[in-house]
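A quick write-up on the structure given underneath.
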Amino acid sequence: MPELPEVETICGNLRGLLRGRRIIEVEVLERRLRNPVGENFALELQGRAVLDVERKGKYILVLLEGKMAWVSHLGMSGKLIYVDRERPRERHDHIIVRFDSGREVRYHDPRRFGLSVVMSVSALDRWPQIRDLGVDPFDHQFSSGYLYTVARTSRRRIVDILMDQKLVAGLGNIYANEILFRAGIRPTRRGWRIGRKSAMKIAHVTPKLLREAIHWRGTSFSDYRDGEDREGEFQNRLQVYNRDGKDCLICSSRIKKVRIGNRGAFYCPRCQK
DNA sequence: AAGCGGTCCTGTGTGC
DNA sequence: TGCACACAGGACCGCT
C-alpha cells in the first residue's frame, strides 16, 4: 500500500514526534510477519532514545542510540502510528513500542506482508533489501539519462520497470500509473521502445508528482494512514488510478484498465501512446 | 537469464 | 440478507 509519498509522510510525522524520546517498553503480540520478528526485538529496542527517522525506498528507519536501527516496511496494509496509550488497541496491532511521552507507536498490519526488524546501522547497510535498492526519485542520479539507459536495455513493460525497487526505489502501482499518465506513455509500452524524449518526460514529471502527493499527505485508498492515524488527501487528485470507466480529466476519453500480471494498469487511450 | 506468474494474508466490495 | 468470489497499495520465489 504505502508507496514513497505515504512512507515519506509517515517518516516526517514520526521524526517530529519521536526525536529525543526514549523507548520504555516493547510488546510483540504477533511475530509472524513477512520476516518473523526476531527473538531479541524487544530487548534491543528497550531503553534506547530516537536520534532520527529516515526513509529508504519504502522502508522506514528509526535510528537509535548505540548505532542501531529499527526498520519497518508496511507491505500493502501496514500502519505505523504514534498514539495515546489510552486509545483502545485494535485487531492486527502486532507490535507496541512505548515511549517516555506516555504515547506509543503501534505497528498494525492485517495482511502481515510487512516487516519490522532491529539491527545495527552497519548490518543495515549490508542488508540486501536495503543495499540493493535503486535510485531514489529525489536523488540527482534519477535523470532522463538513467531512465533511458535502464529502459532501452529491457524488454519489460515500462510500468514494471518503474516499480522495480532495484532500479527505482519507492514507486508502486498507484504512482507508476500516475507518472505514466502525466508523461503521456502507456503503462504497457516496452522499455526498449522508450525514447530519449519519453525518458525526459518521466524524469521531469516524477519528482513533481511525488512532491504534490507528499504535500497532500499521501493517498488513502483504504488502509493507509499517516504517522498519527490521519487520512491523506491525494486520492482525490488521482488522474487514472482506479478511475477505469470514468472520463479522462484532460480529454474526456474513457479511462481503460488492463491487467499486467496480477495487477491493474490504468491509462487514457487518447492521452497516452 | 530476464521476465513473468503465482503466492503469502485478511478485509472489502460486487454480483447473484 | 447471505454467500461466493474477485480483488487490493508489495515483494519474493521458482519456472521457463
Side-chain angles (χ1 to χ4, degrees), chain A residues 1-10 29-37 55-60 71-80 90-94 107-117 127-134 137 149-181 187-193 209-210 213-214 216-226 231-245 257-266:
Chain A
M1 139 193 116
E3 305 180 29
L4 188 151
E6 290 75 34
V7 175
E8 185 66 38
T9 301
I10 293 168
L29 306 168
E30 174 61 80
R31 313 193 92 96
R32 295 172 303 164
L33 305 183
R34 167 163 272 290
N35 292 12
V37 178
R55 177 186 64 77
K56 269 205 170 29
K58 298 176 195 170
Y59 290 82
I60 299 165
V71 184
S72 300
H73 188 292
L74 301 179
M76 294 251 248
S77 56
K79 291 201 281 187
L80 202 62
E90 289 179 28
R91 188 166 150 77
H92 306 303
D93 285 346
H94 302 318
Y107 177 91
H108 170 99
D109 186 6
R111 295 174 77 176
R112 292 189 275 117
F113 283 0
L115 62 89
S116 200
V117 296
W127 198 39
Q129 310 194 37
I130 294 289
R131 185 196 59 200
D132 298 341
L133 286 173
T149 308
V150 157
R152 67 179 301 193
T153 54
S154 172
R155 309 170 64 97
R156 304 160 74 190
R157 295 175 175 95
I158 185 64
V159 70
D160 286 334
I161 295 173
L162 291 179
M163 281 194 292
D164 186 335
Q165 301 302 302
K166 291 182 174 163
L167 301 176
V168 181
L171 301 182
N173 202 29
I174 294 179
Y175 294 102
N177 276 272
E178 294 295 315
I179 287 163
L180 291 170
F181 174 75
T188 49
R189 187 127 130 222
R190 299 287 170 170
W192 60 275
R193 309 211 44 195
L209 171 75
L210 296 176
I214 292 166
W216 293 103
R217 299 183 353 270
T219 302
S220 286
F221 219 62
S222 54
D223 297 313
Y224 165 72
R225 298 294 182 273
D226 74 4
E231 291 192 4
E233 292 177 53
F234 200 69
Q235 62 276 14
N236 306 316
R237 300 187 142 68
L238 297 175
Q239 295 181 282
V240 283
Y241 185 82
N242 210 38
R243 290 194 69 248
D244 50 314
K257 175 180 184 175
V258 292
R259 297 208 70 76
I260 294 185
N262 241 350
R263 56 202 344 143
F266 303 84

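Lettering follows sequence order; numbering is per chain, from 1. Computed from a prediction, not measured in an experiment: that's the story for all the values here.
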Indicate, with a heavy-atom threshold strictly under 4.0 Å, whether Arg91(A) touches base, sugar-phosphate, or nothing.
-> sugar-phosphate
Should Lys58(A) be listed as having a side-chain N or O under 4.0 Å from OP1 or OP2 of dA11(C)?
-> yes
Testing dC12(C), dC4(B), dT7(B) for proximity to the side chain of Asp160(A), the answer is dC4(B)
N/O (side chain, Gln165(A)) to phosphate O (OP1/OP2, dA11(C)) under 4.0 Å = yes
Rounded to the nearest angstrom, tell me the gap between atom CZ in Arg112(A) and atom C1' in dA8(C).
-> 17 Å
Does Tyr175(A) place a side-chain N or O at less than 4.0 Å from the phosphate oxygens OP1/OP2 of dG9(C)?
-> no
Contact nearer the 5' end of DNA chain C, comparing Gln129(A) with Lys257(A) | Lys257(A)
More than 12 heavy atoms of other residues, nucleotides or ligands under 6.0 Å from CZ of Arg155(A): is that the case?
-> no
For DNA chain B, just give me the dot-bracket, please: Watson-Crick or G-U, both distances below 3.5 Å, ( ) intra-strand, [ ] crossing earlier pairs, | paired with another strand, . unpaired.
-> .|||||||.|||||||
Rounded off to whole Å, could you give me the CD1-to-C1' distance for the Ile260(A) and dC4(B) pair?
-> 12 Å
Assess the side chains of Glu6(A) and Tyr175(A): does a donor N or O sit below 3.5 Å from an acceptor N or O?
-> yes
Around Arg190(A), counting heavy atoms of other residues, nucleotides and ligands shown, do more than 12 lie under 6.0 Å from its CZ?
-> yes
With a non-hydrogen cut-off below 4.0 angstrom, is Pro110(A) in contact with a base, only sugar-phosphate, or nothing?
-> sugar-phosphate
Euclidean distance, Phe266(A) CZ relative to Leu238(A) CG, rounded to 0.5 Å | 10.0 Å
When rounded to whole Å, the CZ to C1' distance for the pair Arg155(A) and dT16(C) reads 14 Å
Whole Å only: how far is the CZ atom of Phe221(A) from the C1' atom of dG9(C)?
-> 9 Å
State whether the side chain of Glu233(A) and the backbone N or O of Arg217(A) hold a donor-acceptor pair below 3.5 Å, judged by distance alone.
-> no
With heavy atoms under 4.0 Å as the rule, sort Tyr224(A) into base, sugar-phosphate or nothing.
-> base
Taking the P atom of each, how far is dG14(C) from dC9(B), in whole Å?
-> 16 Å
Would you kindly give the CZ-to-C1' distance between Arg263(A) and dG10(C), to the nearest whole Å?
-> 6 Å
Does Arg31(A) CZ have over 12 foreign heavy atoms under 6.0 Å away?
-> yes
Between dA11(C) (P) and Asn173(A) (CG): distance, integer Å = 11 Å
Would you mind classifying the nucleic acid contact of Ser154(A) as base, sugar-phosphate or nothing, using non-hydrogen atoms under 4.0 angstrom?
-> sugar-phosphate
Would you indicate what Asp223(A) reaches in the nucleic acid, counting non-hydrogen atoms under 4.0 angstrom: base, sugar-phosphate, or nothing?
-> base
Tell me whether the OP1 or OP2 atom of dG10(C) has a side-chain N or O from His73(A) closer than 4.0 Å.
-> no
Please check the phosphate of dA2(B) (OP1 and OP2 only) for any side-chain N or O of Arg190(A) closer than 4.0 Å.
-> no
Looking for any heavy atom pair under 4.0 Å, which part of the strands does Lys166(A) touch: base, sugar-phosphate only, or nothing?
-> nothing
Whole angstrom value for the distance that separates P of dG9(C) from CG of Leu80(A) = 21 Å
Determine the Euclidean distance between corresponding C1' atoms of dG3(B) and dG9(C); express it in Å to zero decimal places.
-> 22 Å
Asn242(A) CG to dG9(C) P, in whole Å, measures 9 Å
Would you indicate whether the side-chain heavy atoms of Tyr224(A) and Ile10(A) approach each other to under 4.5 Å?
-> yes
Taking for Arg156(A) and for His92(A) the nucleotide of DNA chain B with the nearest heavy atom, the one nearer the 5' end belongs to Arg156(A)
What orientation do His92(A) and His108(A) show, parallel under 30°, tilted 30 to 60°, or perpendicular over 60°?
-> perpendicular
Between dT12(B) and dA11(C), how far is it from one C1' atom to the other, in whole Å?
-> 22 Å
When His73(A), Gln129(A), Gln165(A) are each screened for side-chain hydrogen bond (donor to acceptor under 3.5 Å, both in side chains) with Tyr59(A), the one that passes is Gln129(A)
Side-chain N,O (Arg111(A)) to OP1/OP2 (dT7(B)) below 4.0 Å | no
